[in-house]
Amino acid sequence: MTAAAAPAGRADARRNREIVLRTAMRMFTEEGLEVSLGRIAQRAGVGAGTVYRHFPSKEILLEAVLAEHVEGFVAAAGRWAARAAPGDALFGFLLEVIEKSAGRQHVCDALTADKGWPRAMLAAAAQRFREALERLLHEAKQAGAIRADVRADDLAALAVGGAALRSAHRDQARGTRLVRLLLDGLRTPGVTKAGSFRDAPSPQRHESAAHSVRYCAECGARLRVHATGRPPRYCGPTCRQRARRRRIAT
């Protein structure tokens, strides 16, 4: 094998691994944990040998799927911290965790059914998630945006419960709104926020739009409001399109 062929082979291997992981998450979510590695390979469009080469057993594949899921949240925490004010970053992140976890009950059940969890790979990802959550929580407390007695394990438990609530409600839009109300209960007592971190209408009216506080109806980021013109609802075209797709799906 030439030097040029070796990197290409490694790139193909990485791509196949990612395809298998994405496919496994979908199938575990849709059909439960009983789905076989052979069926996962068939749906992924790769050979069974490719799956077994990366994941010799279903337990190893499941751990990799869970770790990948958690690592995605770690990356999301960094994005929220970089683009939003501390309180908005924490609440927006929690809502993203809940929305992306809703409906994946089969996968989450694996963590409670087997007392051998978490294994090394998942434990490392979970530790990084906790550290990211702790940082967001610390910054939110420093900004006075959340109750001082809230702990990171409280937020982790709330995320699990929020995902279950979101999945259990027959009306997806109302389920999401209940989750938002639940999260709003964590805010510092006595501090009234001019508008929810998502798309609930502001409870206050200000004499000047230039002095009002508005937040993106999709991601919760703080918006710049000008004295003239129509007040913005979204921080940019990405959130506008995402909101439109969500309305169509609803």
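Excluded from the calculations below are hydrogen atoms, water molecules and symmetry mates; all remaining heavy atoms, backbone and side chain alike, are included.
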**OP:** Can you see which heavy atom on Gly144 is nearest to which on Thr188, and at what distance?
**Re:** O-OG1, 2.9 Å

**OP:** Evaluate the side-chain proximity of Arg130 to Asp153: yes if any heavy-atom separation is below 4.5 Å, no if none is.
**Re:** yes

**OP:** Could you tell me whether Arg166 and Glu99 make a salt bridge, using a distance below 4.0 angstrom between a side-chain N and a carboxylate O?
**Re:** no

**OP:** Treating Ile, Leu, Val, Met, Phe, Trp and Tyr as nodes and any side-chain heavy-atom pair under 4.5 angstrom as an edge, say whether Val150 and Ile98 lie in one connected cluster.
**Re:** yes

Original post:
How many angstroms lie between CG in Leu21 and NE2 in His54, if you round to the nearest 0.5 Å?
Top reply: 9.0 Å

Original post:
Do you know the tightest heavy-atom contact between Gly162 and Val179?
Top reply: O-CG2, 3.6 Å

Original post:
For the atom pair CD (Glu31) and OG (Ser36), what is the distance rounded to the nearest 0.5 Å?
Top reply: 9.0 Å

Subject >> Residue of the set Leu155, Leu178, Leu94 for which side-chain contact (heavy atoms from CB on, under 4.5 Å) holds with Leu183 >> reply: Leu94

Original post:
Should Phe55 and Leu62 count as side-chain neighbours, where that means a heavy-atom distance under 4.5 Å?
Top reply: no

**OP:** Treat each ILVMFWY residue as a node, draw an edge where side-chain heavy atoms are under 4.5 Å apart, and state whether Leu186 and Leu182 are in one component.
**Re:** yes

Original post:
Do you know the tightest heavy-atom contact between Ala41 and Val51?
Top reply: CB-CG2, 3.5 Å

Subject >> Cluster link Met121 to Val65, ILVMFWY, side chain under 4.5 Å >> reply: no

Subject >> Pairwise side-chain contact, Met25 with Glu68, heavy-atom cut-off 4.5 Å (strictly under) >> reply: no

Subject >> Pair Lys100 + Glu96: basic N to acidic O under 4.0 Å >> reply: yes

**OP:** Measure the OG1-CE distance between Thr29 and Met27 for me, rounded to the nearest 0.5 Å.
**Re:** 11.0 Å

**OP:** Measure the shortest side-chain to side-chain distance between Leu133 and Leu90 over non-hydrogen atoms and say whether it is less than 4.5 angstrom.
**Re:** yes

Original post:
Below 4.5 Å, heavy atoms only, C-beta onward: do Glu63 and Glu59 meet side chain to side chain?
Top reply: no

Original post:
How close do Ala89 and Ala84 get, heavy atom to heavy atom, and via which atoms?
Top reply: N-CB, 3.9 Å

Original post:
Can you name the closest pair of heavy atoms from Ala125 and Ala67 and give their distance?
Top reply: CB-O, 4.0 Å

**OP:** Identify whether Leu37 and Leu66 are in the same connected component of the hydrophobic contact network (ILVMFWY, side-chain heavy atoms under 4.5 Å).
**Re:** yes

Original post:
Hey, any chance Leu95 and Leu165 share a hydrophobic cluster, counting ILVMFWY side chains that come within less than 4.5 Å of each other, even indirectly?
Top reply: yes

Original post:
So with a 6.0 Å cut-off around CD of Glu134, is the heavy-atom count from everything else above 12?
Top reply: yes

Original post:
Partners of His69 by ring pair (Phe, Tyr, Trp, His ring centres under 6.0 Å), sequence neighbours excluded?
Top reply: Phe73

Original post:
Which distance, rounded to the nearest 0.5 Å, do you find between the OH of Tyr52 and the CG of Leu61?
Top reply: 10.0 Å

Original post:
Got a second to check how far Phe28's CZ is from Lys58's NZ, nearest 0.5 Å?
Top reply: 6.0 Å

**OP:** Report the distance from atom CZ of Arg151 to atom NZ of Lys141, rounding to the nearest 0.5 Å.
**Re:** 9.0 Å

**OP:** Mind listing the closest non-hydrogen atom pair of Arg39 and Val35 along with its distance?
**Re:** NH1-CG2, 3.8 Å

